[in-house]
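Once you've had a glance at the structure underneath, I'll fire off some questions.
Along the sequence shown, residues are numbered consecutively beginning with 1. Because only heavy atoms are used, hydrogens play no part in the values below, and waters and symmetry mates are left out as well, while side chains stay in.
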Amino acid sequence: MIELRRIEKNYRRGAEDVRALRGVDLSVEKEELLAITGPSGAGKTTLLHILGCLDQPTQGEVLIDGINASRLPEAELVKLRRDKIGFVFQQFYLIPGLSVFDNIALPLLFSKKPATPEKITHLAEMVGLEHRLDHVPSQLSGGEMQRTAIARGLVNEPEILLADEPTGNLDSENSEKIFEILRSLRHNGLTIVMITHNPDLSARANRILHIRDGLVHTES
Ligand SMILES: Nc1ncnc2c1ncn2[C@@H]1O[C@H](COP(=O)(O)OP(=O)(O)O)[C@@H](O)[C@H]1O
Ligand SMILES: [Mg+2]
């Protein structure tokens with residue numbers, strides 16, 4: 001589903017070059033739940049952004065579903081990202097003035113697909129929020145906010161869901177719920193890559209990738 005070949009990423013910080021990724025090879029299978037762990041600054045977020053075509057590598061190739069994303073023009077890349085990839089972040093990035101319904105439906109505005117009540121209600125049910133559709137984010141718990149963000153990440157029916165510390169702002173009970181929701185989504189054909197510092201969660205992924213100093217340190 002996803003293949004990375006010899007990925008390097010350098011950032012420029014003032015006069016110095018930061019080597020955030022130093023040659024990462026990775027294959028992610030369809031319907032796999034892959035956990036990425038590693039210390040702060042190891043390159044996890046950089047790797048996730050490159051996996052999701054949010055950022056281009058300095059060197060190396062990214063293949064999404066057989067398509068070489070490294071060679072696509074920007075307009076094609078925007079389409080690939082929109083059609084195949086969903087994102088969930090640690091900070092939920094919900095729009096405060098919009099209801100749960102409208103927050104979930106928001107990406108459809110950009111893909112110009114219809115936001116039918118059936119579709120949004122179905123997604124809300126998948127994450128257990130069907131009773132909250134009229135609420136605004138300030139009326140939700142942290143766990144409910146993240147569940148809204150997951151439903152929003154799924155609204156364009158992506159094949160890949162990328163999550164950067166999705167439970168990083170949640171207590172253990174809500175972390176557990178979010179993880180189980182993510183895990184259950186694999187059965188709908190979704191491939192999931194999740195960065196997490198929580199060993200209880202990563203232990204239950206299909207595979208753990210430990211990143212250190214911009215390299216894959218161990219796999220288990
Ligand atoms: N936009 C950027 N500009 C410069 N340096 C960056 C940028 N993004 C990340 N870095 C650096 O790249 C390294 C890896 O960062 P990151 O991928 O965010 O690590 P992690 O998610 O594992 O904490 C760090 O040294 C970080 O400071
Ligand atoms: Mg990070």
Side-chain angles (χ1 to χ4, degrees), residues 1-90 93 107 110-111 150 152-166 182 185-186 188-197 202 205-220:
M1 187 75 228
I2 310 175
E3 213 175 314
L4 299 187
R5 295 185 185 149
R6 307 304 303 160
I7 294 294
E8 297 179 21
K9 179 70 184 181
N10 301 335
Y11 292 112
R12 192 107 199 122
R13 193 162 44 201
E16 65 166 334
D17 255 335
V18 181
R19 297 187 70 196
L21 296 174
R22 301 189 292 144
V24 173
D25 289 300
L26 173 65
S27 294
V28 189
E29 303 296 323
K30 193 168 171 62
E31 296 192 16
E32 185 174 20
L33 171 54
L34 174 70
I36 298 179
T37 67
S40 176
K44 304 180 299 296
T45 295
T46 301
L47 183 64
L48 202 77
H49 285 182
I50 288 173
L51 276 173
C53 306
L54 281 177
D55 202 357
Q56 297 268 23
T58 309
Q59 286 287 336
E61 294 192 321
V62 182
L63 282 92
I64 307 287
D65 219 0
I67 301 167
N68 192 330
S70 341
R71 302 223 182 101
L72 288 181
E74 182 59 27
E76 294 289 313
L77 208 56
V78 169
K79 234 166 66 190
L80 174 98
R81 205 157 53 211
R82 188 188 68 203
D83 294 341
K84 290 194 184 287
I85 304 167
F87 292 92
V88 176
F89 303 94
Q90 179 175 357
Y93 297 125
F110 303 100
S111 57
I150 290 172
R152 179 188 58 193
L154 295 172
V155 76
N156 273 320
E157 297 168 44
E159 293 168 39
I160 302 164
L161 189 72
L162 303 176
D164 195 348
E165 303 192 35
L182 291 175
L185 295 170
R186 274 178 318 149
N188 304 346
L190 198 67
T191 303
I192 302 173
V193 180
M194 177 181 82
I195 297 174
T196 181
H197 286 295
S202 56
N206 297 113
R207 191 154 58 107
I208 308 174
L209 201 70
H210 193 79
I211 305 279
R212 184 182 287 178
D213 293 332
L215 286 168
V216 175
H217 193 64
T218 47
E219 256 186 71
S220 51

Practice prompt. Report yes or no: does R5 contribute a side-chain atom to a donor-acceptor pair with the main-chain N or O of E61 at less than 3.5 Å?
Written response: no
Discussion item. So which atom in I64 and which in A69 form the shortest heavy-atom distance, rounded to 0.1 Å?
Written reply: CG1-CB, 4.4 Å
Discussion item. Would you compute the distance between atom NZ of K84 and atom CE of M1 and round it to the nearest 0.5 angstrom?
Written reply: 5.5 Å
Worksheet item: Can any side-chain N or O of R12 pair as donor or acceptor with the backbone N or O of A15 at less than 3.5 Å?
Response: yes
Worksheet entry | Side-chain heavy atoms of I2 within contact of L26, under 4.5 Å | no
Discussion item. Could you check whether atom CZ of R71 has more than 12 heavy atoms from other residues, nucleotides or ligands sitting under 6.0 Å from it?
Written reply: no
Item to complete: Report yes or no: does S70 contribute a side-chain atom to a donor-acceptor pair with the main-chain N or O of V62 at less than 3.5 Å?
Response: yes
Discussion item. Main chain of P158, side chain of N156: is a donor-acceptor contact present, judged purely on distance under 3.5 Å?
Written reply: no
Worksheet entry | Side-chain heavy atoms of L185 within contact of I150, under 4.5 Å | yes
Item to complete: Answer yes or no: is there a donor N or O on one side and an acceptor on the other, between the side chain of K9 and the main chain of V18, under 3.5 Å?
Response: no
Worksheet item: Below 4.5 Å, heavy atoms only, C-beta onward: do Q59 and R6 meet side chain to side chain?
Response: no
Worksheet entry | I195 vs E165 side-chain heavy atoms within contact, under 4.5 Å | yes
Response to the item:
Closest heavy-atom pair, R81 versus F87, reported as atoms and distance to 0.1 Å, is CG-CE1, 4.1 Å
Fill in: Closest contact, heavy atoms only, P39 versus I211
CD-O, 3.5 Å
Worksheet entry | Side-chain donor or acceptor of R22 paired with backbone N/O of D213 under 3.5 Å | yes
Worksheet item: Got I67 and E76 here, is their nearest side-chain heavy-atom distance under 4.5 Å?
Response: no
Fill in: Distance in Å, E159 CD paired with L190 CG, rounded so as to fall on 0.5 Å steps
9.0 Å
Can I get a per-line list of side-chain donor-acceptor pairs under 3.5 Å for residues 27-36, giving both atom names and the distance, sequence neighbours left out?
unit_1: K30; atom_1: NZ; unit_2: G189; atom_2: O; d: 3.3
unit_1: E32; atom_1: OE1; unit_2: E29; atom_2: N; d: 2.9
unit_1: E32; atom_1: OE1; unit_2: R207; atom_2: NH2; d: 3.2
unit_1: E32; atom_1: OE2; unit_2: R207; atom_2: NE; d: 2.7
unit_1: E32; atom_1: OE2; unit_2: R207; atom_2: NH2; d: 3.3

Discussion item. To the closest 0.5 Å, what do you measure between OG1 (T37) and NE2 (H217)?
Written reply: 10.0 Å
Discussion item. Tell me whether the rings of Y93 and F89 are parallel (<30°), tilted (30 to 60°) or perpendicular (>60°).
Written reply: perpendicular
Worksheet entry | Non-hydrogen atoms of I85 and C53 that approach each other most closely | CD1-SG, 4.5 Å
Worksheet item: When rounded to the nearest 0.5 angstrom, what is the spacing between CG in L72 and CD in Q56?
Response: 8.5 Å
Practice prompt. State, with a plain yes or no, whether a side-chain heavy atom of L54 is found less than 4.5 Å away from one of L162.
Written response: no
Worksheet item: Distance only, no hydrogens: is a donor on one side chain within 3.5 Å (strictly under) of an acceptor on the other, for N10 and T58?
Response: no
Worksheet item: Do the side chains of L182 and P166 get nearer than 4.5 Å, heavy atoms only?
Response: yes
Discussion item. Which heavy atom of I7 sits nearest to which heavy atom of G60, and what is that distance?
Written reply: CD1-C, 3.8 Å
Discussion item. Can you tell me how far apart CD (E8) and CD1 (I50) are? Round to the nearest 0.5 Å.
Written reply: 10.5 Å
Worksheet item: If every non-hydrogen atom of L21 is compared with every non-hydrogen atom of G43, which pair is closest and at what distance?
Response: CD2-O, 3.6 Å
Discussion item. Do V216 and H210 make a side-chain contact, defined as non-hydrogen atoms from C-beta onward lying under 4.5 Å apart?
Written reply: no
